[in-house]
Amino acid sequence: MPPLLPRAALMPRATPITTTTIARAAALFSSSARRPSPQQQIPPESPLFINVPNPPQDQSIEALRELKPVKGHLPIPRRVFKQRDGHLKPQDEWLTRSAPTPSSEKSQQPPRSDIQAWKRRMAASRRENMREGVRALYSRKLSFDKRRLERQTARLAANRAAMLAPEREDERLTRASINAGTLQTAVLPDPDRIERALESRQRTEFLSAQKSEARRDAIQELYMKARSFIVSEKELEAEVDRLFAPDYWKKQGVSASGFAVSNIWDLDGKPPTVADMLNDVSRTSSGFMKNAESEKSRTLKRQKEVAEELTGGKLDGI
């Protein structure tokens, strides 16, 4: 925010008291005088209804509104020495190349008029001003960099001193009591780390063996099922002709209810629901035949698993 302009001391906000002001005030109480214009009427709710003088340094909102905005802005100074070769600019070689002296034959001759002599003096003055300006700017840059480095060094030194400073006596006497064991923040090695490492190795080896065994069983099962894979166009054509034959469902026989099979629902029955699967697991089905079938399939599955464990390989589906 721009600084506030000082105002006249004890200057009222309204018009100063003059003979014209006195005449206007008398006209307000006169019955024969004409009514004042709307611009001259001040309502009671207005801040100007009571004439209060302003102090010399008024920072109120009304004073800020009366200030005229400051036009323009300060230019940002250019970084003359921002390039890598900025330290070479104050030297005579760089200044001579930037503002060389005239070398033509005409410039070596004496001036033929006062205007030509004045122009030569002005050119020489510009070259000299450039030399002095560049060297002054470089010296100012060096002084700025030196002061900035000193401030940074002092700030870092102060921060380091504050960080490494011992605890003050008043802080030590007024702080809360803390158990000495709580202040021990060092992480001590686990005394049982060797035993834990051995247990972890055993678990890792057991999991690796399980994964290897499961992979071996998957490969064996893939090998057992590979005999039914379709690997040629003739086998694919024969399988398509078998499945999409007109009498395919008639060859499947009859369903469990004694009717001819006409679709997959009659052949395999409806899909099992969640309740059916729970009944099979808990063996609480109400049907005797269904219980016998589930017990039979469960026994066959158990026998197959036992045979696979004894032989060490996968068997075909039963």
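The first residue of the sequence shown is numbered 1, and numbering continues consecutively from there.
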CZ/R193 to CD/E195 distance, rounded to the nearest 0.5 angstrom?
9.5 Å

Would you indicate whether R135, at its atom CZ, is surrounded by more than 12 heavy atoms from other residues, nucleotides or ligands within a distance under 6.0 Å?
yes

Here the gap from E305 atom CD to L300 atom CG, rounded to the nearest 0.5 Å, amounts to 11.5 Å

Checking T96 now: which residues fulfil side chain to side chain contact (heavy atoms under 4.5 Å, CB included) with it, not counting sequence neighbours?
R131

Only distances under 3.5 Å count here; give the side-chain donor-acceptor pairs of residues 181-192 to other protein atoms, sequence neighbours excluded, each with its distance to 0.1 Å.
| unit_1 | atom_1 | unit_2 | atom_2 | d |
| --- | --- | --- | --- | --- |
| D190 | OD1 | D192 | N | 3.3 |
| D190 | OD2 | R196 | NH1 | 2.8 |

Taking CD in E171 as the centre, count heavy atoms belonging to other residues, nucleotides or ligands within less than 6.0 Å. Is the count above 12?
yes

Sequence neighbours left out, what passes side chain to side chain contact (heavy atoms under 4.5 Å, CB included) with P43? Give chain and number order.
E45, S46

So does I50 have more than 12 non-hydrogen atoms from other groups sitting under 6.0 Å from CD1?
no

Should K89 and Y138 count as side-chain neighbours, where that means a heavy-atom distance under 4.5 Å?
no

Residues 216-223 side chain polar contacts: donor-acceptor under 3.5 Å, at least two apart:
| unit_1 | atom_1 | unit_2 | atom_2 | d |
| --- | --- | --- | --- | --- |
| R216 | NH1 | E213 | OE1 | 2.6 |
| E221 | OE2 | K225 | NZ | 3.0 |

Gap separating the OG1 atom of T273 from the CG atom of N279, nearest 0.5 angstrom
7.5 Å

R242: partners by side-chain hydrogen bond (donor to acceptor under 3.5 Å, both in side chains), with sequence neighbours left out
E239

For E233, look at atom CD and say whether over 12 heavy atoms of other residues, nucleotides or ligands are found less than 6.0 Å away.
no

Atom pair CZ (R79) and CG (L137), whose distance is rounded to the nearest 0.5 Å
14.0 Å

What residues form a side chain to side chain contact (heavy atoms under 4.5 Å, CB included) with Q108, not counting sequence neighbours?
none

What salt bridge (Lys or Arg N to Asp or Glu O under 4.0 Å) pairs are there with at least one residue in residues 104-128, not counting sequence neighbours?
none

Tell me the salt bridge (Lys or Arg N to Asp or Glu O under 4.0 Å) pairs involving residues 142-154, sequence neighbours left out?
K141-D145, D145-R148

Which other residues belong to the hydrophobic cluster containing M122, where Ile, Leu, Val, Met, Phe, Trp and Tyr are joined when side-chain heavy atoms lie under 4.5 Å apart, directly or via other members?
W118

Within the 4.5 Å heavy-atom criterion, are L88 and E93 side-chain neighbours or not?
no

Restricting to non-hydrogen atoms, name the atom on S104 and the atom on S107 that form the minimum distance, rounded to 0.1 Å.
O-OG, 2.7 Å

Could you list the residues that satisfy side chain to side chain contact (heavy atoms under 4.5 Å, CB included) with S125, not counting sequence neighbours?
N129

Of all the heavy-atom pairs spanning M130 and A99, show the shortest one and how long it is.
SD-CB, 3.8 Å

Each residue besides W249 in its hydrophobic cluster should be listed here, by chain and number; the cluster joins Ile, Leu, Val, Met, Phe, Trp and Tyr at side-chain heavy-atom distances under 4.5 Å.
I230, L236, V240, L243, F244, Y248, V261, I264, W265, L267

Give the table of side-chain donor-acceptor pairs shorter than 3.5 Å for residues 197-206, with sequence neighbours excluded, one pair per line with atom names and distance.
| unit_1 | atom_1 | unit_2 | atom_2 | d |
| --- | --- | --- | --- | --- |
| T204 | OG1 | S200 | O | 2.8 |

So for atom CD, which belongs to E237, do other residues, nucleotides or ligands contribute more than 12 heavy atoms lying within a distance under 6.0 Å?
no

